[in-house]
K.L.:
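Quick one: structure below, then a few questions.
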Amino acid sequence: QVQLVESGGGLVQPGGSLRLSCAASGSIFSIYTMAWYLQAPGKQRELVAHITSSGDTYYVDSVKGRFTISRDNAKNTVYLQMNNLKPEDTAVYYCNAPIVRSGEKYAYNYWGQGTQVTVSS
């Protein structure tokens with residue numbers, strides 16, 4: 001079985017930093033673009049940033065200059081370094097990736113279980 005497991009969330013004061021990690025495990029052949037999403041209370045899940053297998057990145061405007069996405073392909077892991085956090089960043093953060101399992105042709109879309117980030121004084 002393939003799964004994505006996030007870690008690194010928590011409570012931080014405004015202006016603080018957190019680093020989220022998401023590791024993919026199981027019988028994996030390849031992983032395409034890896035992404036982070038957030039879901040604030042009462043709102044829809046929305047994209048924060050993504051990174052291709054070759055390292056090209058994309059960020060939504062609200063996090064540009066504050067968040068950095070990176071990945072370690074050897075470890076099947078994606079990271080989200082979040083600096084200068086604001087109360088409006090408070091949400092559950094999810095990682096997402098299309099993954100081709102060993103012995104299969106097509107990618108399936110996987111989600112992690114989510115990790116809570118709370119920015120509050």
Side-chain angles (χ1 to χ4, degrees):
Q1 297 297 330
V2 171
Q3 60 177 350
L4 296 175
V5 178
E6 299 112 334
S7 60
L11 173 64
V12 63
Q13 292 186 343
S17 298
L18 283 174
R19 189 191 194 210
L20 306 183
S21 299
C22 172
S25 63
S27 298
I28 296 169
F29 176 69
S30 66
I31 305 176
Y32 294 154
T33 296
M34 302 184 82
W36 286 98
Y37 286 74
L38 65 80
Q39 188 165 19
K43 296 188 177 181
Q44 290 189 332
R45 196 172 298 186
E46 57 187 53
L47 177 68
V48 176
H50 64 64
I51 183 167
T52 67
S53 57
S54 57
D56 294 325
T57 59
Y58 168 82
Y59 301 92
V60 296
D61 287 345
S62 60
V63 307
K64 283 181 182 176
R66 300 190 299 123
F67 291 10
T68 302
I69 190 171
S70 60
R71 66 190 282 174
D72 184 332
N73 290 330
K75 295 182 179 180
N76 291 333
T77 299
V78 62
Y79 306 96
L80 187 68
Q81 177 66 44
M82 305 185 294
N83 298 329
N84 190 21
L85 281 159
K86 303 176 180 181
E88 52 264 41
D89 296 320
T90 295
V92 178
Y93 284 71
Y94 297 89
C95 70
N96 167 266
I99 297 175
V100 180
R101 298 181 293 203
S102 298
E104 298 195 8
K105 283 186 178 180
Y106 303 106
Y108 292 87
N109 197 35
Y110 288 89
W111 290 93
Q113 82 285 358
T115 185
Q116 177 70 47
V117 171
T118 302
V119 185
S120 174
S121 54

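Reckoned from all heavy atoms, side chains included, excluding hydrogens, waters and symmetry mates.
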K.L.:
So does K64 pair up with D61, basic N to acidic O under 4.0 Å?
P.N.:
yes
K.L.:
Can a donor-acceptor pair be found, under 3.5 Å and without considering hydrogens, that links the side chain of T118 to the backbone of L11?
P.N.:
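The answer is no, because no donor-acceptor pair under 3.5 Å joins these two groups.
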K.L.:
Could you pull out the closest heavy-atom pair between Q39 and K43, with the gap in Å?
P.N.:
NE2-O, 3.1 Å
K.L.:
Between T90 and E88, is any side-chain donor less than 3.5 angstrom from a side-chain acceptor?
P.N.:
no
K.L.:
Which atoms form the tightest heavy-atom contact between V117 and M82, and what is the distance?
P.N.:
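Heavy-atom minimum between the residues: CG2-CE, 3.8 Å.
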K.L.:
State yes or no: do L47 and I99 share one hydrophobic cluster built from I, L, V, M, F, W and Y residues joined by side-chain heavy-atom distances below 4.5 Å, directly or via other members?
P.N.:
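As far as the 4.5 Å side-chain criterion goes, I99 and L47 are connected within one cluster.
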K.L.:
Under 4.5 Å between side-chain heavy atoms, counting indirect links through other Ile/Leu/Val/Met/Phe/Trp/Tyr residues: same cluster for I31 and V100 or not?
P.N.:
no
K.L.:
Assess R19 against Y79: is NZ or CZ under 6.0 Å from the centre of the six-membered ring, and within 45 degrees of the ring's axis?
P.N.:
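Ring-cation test returns yes.
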K.L.:
Working to the nearest 0.5 Å, report the span between OG of S25 and NZ of K75.
P.N.:
14.5 Å
K.L.:
R71 versus T77: any side-chain heavy-atom pair under 4.5 Å?
P.N.:
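When only atoms from C-beta onward are counted, T77 and R71 do not touch, as no gap falls below 4.5 Å.
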K.L.:
What do the steps show when you test L80 against Y93 for side chain to side chain contact (heavy atoms under 4.5 Å, CB included), and what is the final call?
P.N.:
CA-CA 10 Å; L80 187 68; Y93 284 71; 4.2 Å; yes
K.L.:
D56 versus I51: any side-chain heavy-atom pair under 4.5 Å?
P.N.:
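They are not in side-chain contact.
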K.L.:
Tell me whether Q3 contacts the main-chain N or O of A24 through its side chain, where contact means a donor paired with an acceptor under 3.5 Å.
P.N.:
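Absent.
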K.L.:
Considering only residues two or more places apart or on different chains, which pairs with a residue in residues 2-59 satisfy ring-ring contact (aromatic ring centres under 6.0 Å, His included)?
P.N.:
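Counting only pairs at least two positions apart or across chains, the ring-ring contact (aromatic ring centres under 6.0 Å, His included) contacts touching residues 2-59 are Y37-W111, H50-Y58.
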K.L.:
Once rounded to the nearest 0.5 Å, what's the spacing between atom CD of Q113 and atom OG of S7?
P.N.:
8.5 Å
K.L.:
What closest approach, in Å, do Q116 and V92 show between heavy atoms, and which atom pair accounts for it?
P.N.:
OE1-CG2, 3.2 Å
K.L.:
Can you see which heavy atom on S17 is nearest to which on N83, and at what distance?
P.N.:
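That would be OG-OD1, 2.9 Å.
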K.L.:
Which heavy atom of E6 sits nearest a heavy atom of Y94, and at what distance?
P.N.:
OE2-CA, 3.2 Å
K.L.:
Below 4.5 Å, heavy atoms only, C-beta onward: do Y110 and N96 meet side chain to side chain?
P.N.:
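In short, these two side chains do not touch, never coming nearer than 4.5 Å.
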K.L.:
Do R101 and Y106 meet the criterion of a side-chain donor-acceptor pair at a distance under 3.5 Å?
P.N.:
no
K.L.:
Do the side chains of S120 and P87 get nearer than 4.5 Å, heavy atoms only?
P.N.:
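Side chain of P87 against side chain of S120, heavy atoms only: no contact under 4.5 Å found.
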K.L.:
Ignoring hydrogens and geometry, is there a side-chain-to-backbone donor-acceptor pair from N73 to S53 under 3.5 Å?
P.N.:
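Side chain of N73 to backbone of S53, a donor-acceptor pair under 3.5 Å: yes, one is there.
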K.L.:
Whether the side chain of Q81 engages the backbone of T68 through a donor-acceptor N/O pair (distance < 3.5 Å, no angle test) should be reported.
P.N.:
no
K.L.:
Over all heavy atoms of both residues, which pair between G8 and L18 is shortest? Give the atoms and the distance, please.
P.N.:
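The answer is O-CD2, 3.8 Å.
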K.L.:
Please tell me if the side chains of V60 and E46 come closer than 4.5 Å, counting only heavy atoms from C-beta onward.
P.N.:
no
K.L.:
Mark yes or no for whether Q13, through its side chain, and V119, through its backbone, hold a donor-acceptor pair below 3.5 Å.
P.N.:
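Absent.
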K.L.:
Any side-chain to backbone donor/acceptor pair from N84 onto G16? Under 3.5 Å, distance only.
P.N.:
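Not at all, since once roles are kept as given, no pair shorter than 3.5 Å links the two residues.
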K.L.:
Between CD1 of I69 and SG of C22, what distance do you get to the nearest 0.5 Å?
P.N.:
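The SG atom of C22 is 9.5 Å from CD1 of I69, to the nearest 0.5 Å.
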